[in-house]
2 protein chains.
Amino acid sequence: MPILALMDAIDARIIRALQRDGRLTNLELAEEVGLSPSPCLRRVRNLEAAGVIQGYTALVDQKACGYPITCLVRIRLANHSQENVQAFEKKIAETEAILDCYLMTGGADYELRIVARSLDDYEQLVRHTIQKLPGIASIETSFAYGVVKKSRILPVRVEKGA
Amino acid sequence: MPILALMDAIDARIIRALQRDGRLTNLELAEEVGLSPSPCLRRVRNLEAAGVIQGYTALVDQKACGYPITCLVRIRLANHSQENVQAFEKKIAETEAILDCYLMTGGADYELRIVARSLDDYEQLVRHTIQKLPGIASIETSFAYGVVKKSRILPVRVEKGA
DNA sequence: ATTGAAATATAGTATCG
DNA sequence: CGATACTATATTTCAAT
């Protein structure tokens, strides 16, 4: 589905603006993208309906919310039986502190981004949740001790020519 | 700064609700958290002013925006001179396709999350942007070929007792 | 097919109790 | 904190390009 093909430069500007500030009023947005309010609102609704805009969220301070620790965790499975994989992914989905989980090429099968309230808290999570899953071959944790960049703004460019 | 100490159960509910839907109207939010609109709005403004709520953003479909590829890239520096580190981090900040960059414990110095329009596009980025930085010792790329979970919702729990 | 202007319905915000 | 009053925005309708 080449949704992109249906997007023009104004849609791209709308997406950029709403990533920058998801609570822009339609009036502000319309002015920023050079449209009057009604067509602007219609475009936003279309982008939402098409799934290009998937939702809106508040960005919160991890530390202020009590989660000062971020770890990136690489996991290998010993056994990729359908049961193990399903049990693993189900647990991932249920566990709130696991924010992201990607299936990866390379040395690890999965990479997880996990937040924790403390090192103890992290240890508990690993011991009681992750290590108990069947078929885990290895768990390699790296802690983030600094954040150089954290952008939620995906670049949006409309295809030119080609 | 124990901002947390200043948060109560209602603030936590506000944060949860606004992470789930960053465009909730104040009326909807007030009803959801069991407050009338004016104190609800006041709390939201306070959370924003305190930096607990850092902003709002639209969540967009990466593929629909033309970035189907996500890679996690571990980088080691050969040389941690202040100049190299600054040049490195400056380039990271300038490069839109690099969404996140953490300073990590363990085998790598940095881990980056990078998006790309194609494998060629990624190769260009590595060759023309990353490899050219001074003092890079190694670059190890893993591609995400599946997303098991992608949550932007940080759990929020108010300290109990203790 | 998409825009823009105007009108109505709804929400945001400040004041005061 | 809650109710009210006031202002601003969202959203629909319709005419025009």
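Numbered from 1 within each chain, the chains take letters A, B, ... in sequence-line order.
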Taking CG from A:Asp8 and C1' from C:dT2, how many angstroms apart are they, rounded to a whole number? 11 Å
Residue pair B:Arg74 / B:Ser142, side-chain donor-acceptor N/O under 3.5 Å: yes
What's A:Ser38 touching, base or sugar-phosphate or nothing? Going by heavy atoms closer than 4.0 Å. base
Testing B:Ile98, B:Ile69, B:Leu99 one by one against B:Val115 for a side-chain contact (heavy atoms from CB on, under 4.5 Å), which residue passes? B:Leu99
For atom CG of A:Asp11 and atom P of C:dT2, their distance in whole Å: 10 Å
Starting at atom CG of A:Asn46, determine the distance to atom P of C:dA1, rounded to an integer number of angstrom. 13 Å
Has B:Arg43 got a side-chain N or O lying under 4.0 Å from the OP1 or OP2 atom of D:dC1? yes
Per nearest nucleotide of DNA chain C, the residue lying toward the 5' end, A:Pro37 or B:Pro37, is A:Pro37
Could you give the CD-to-P distance, from A:Glu31 to C:dA5, as a whole number of Å? 13 Å
What distance separates B:Ile92 CD1 from B:Ile130 CD1, expressed to the nearest 0.5 Å? 6.5 Å
Would you mind reading off the distance between A:Arg23 atom CZ and C:dT13 atom C1', rounded to a whole angstrom? 13 Å
What's the closest nucleotide to the side chain of B:Arg45 if the choices are D:dT9, D:dG2, C:dG12? C:dG12
Between C1' of C:dG4 and CZ of A:Arg42, the distance in whole Å: 9 Å
For A:Asn26 and C:dA11, what is the distance between atoms CG and P respectively, to the nearest whole Å? 15 Å
Side chains of A:Lys150 and B:Gln54 only: does a donor on one sit below 3.5 Å from an acceptor on the other? no
Side chain of B:Thr25 only, heavy atoms from C-beta on: which candidate in D:dA10, C:dA11, D:dC1 is closest? C:dA11
Rounded to whole angstrom units, what separation is found between the CG atom of A:Leu35 and the C1' atom of C:dT2? 9 Å
Please tell me which of the listed nucleotides, C:dG4, D:dA10, D:dA3, lies nearest to the side chain of A:Leu41? D:dA10
Establish, from distance only, whether the side-chain atoms of A:Ser118 and A:Asp120 form a donor-acceptor pair under 3.5 Å. no
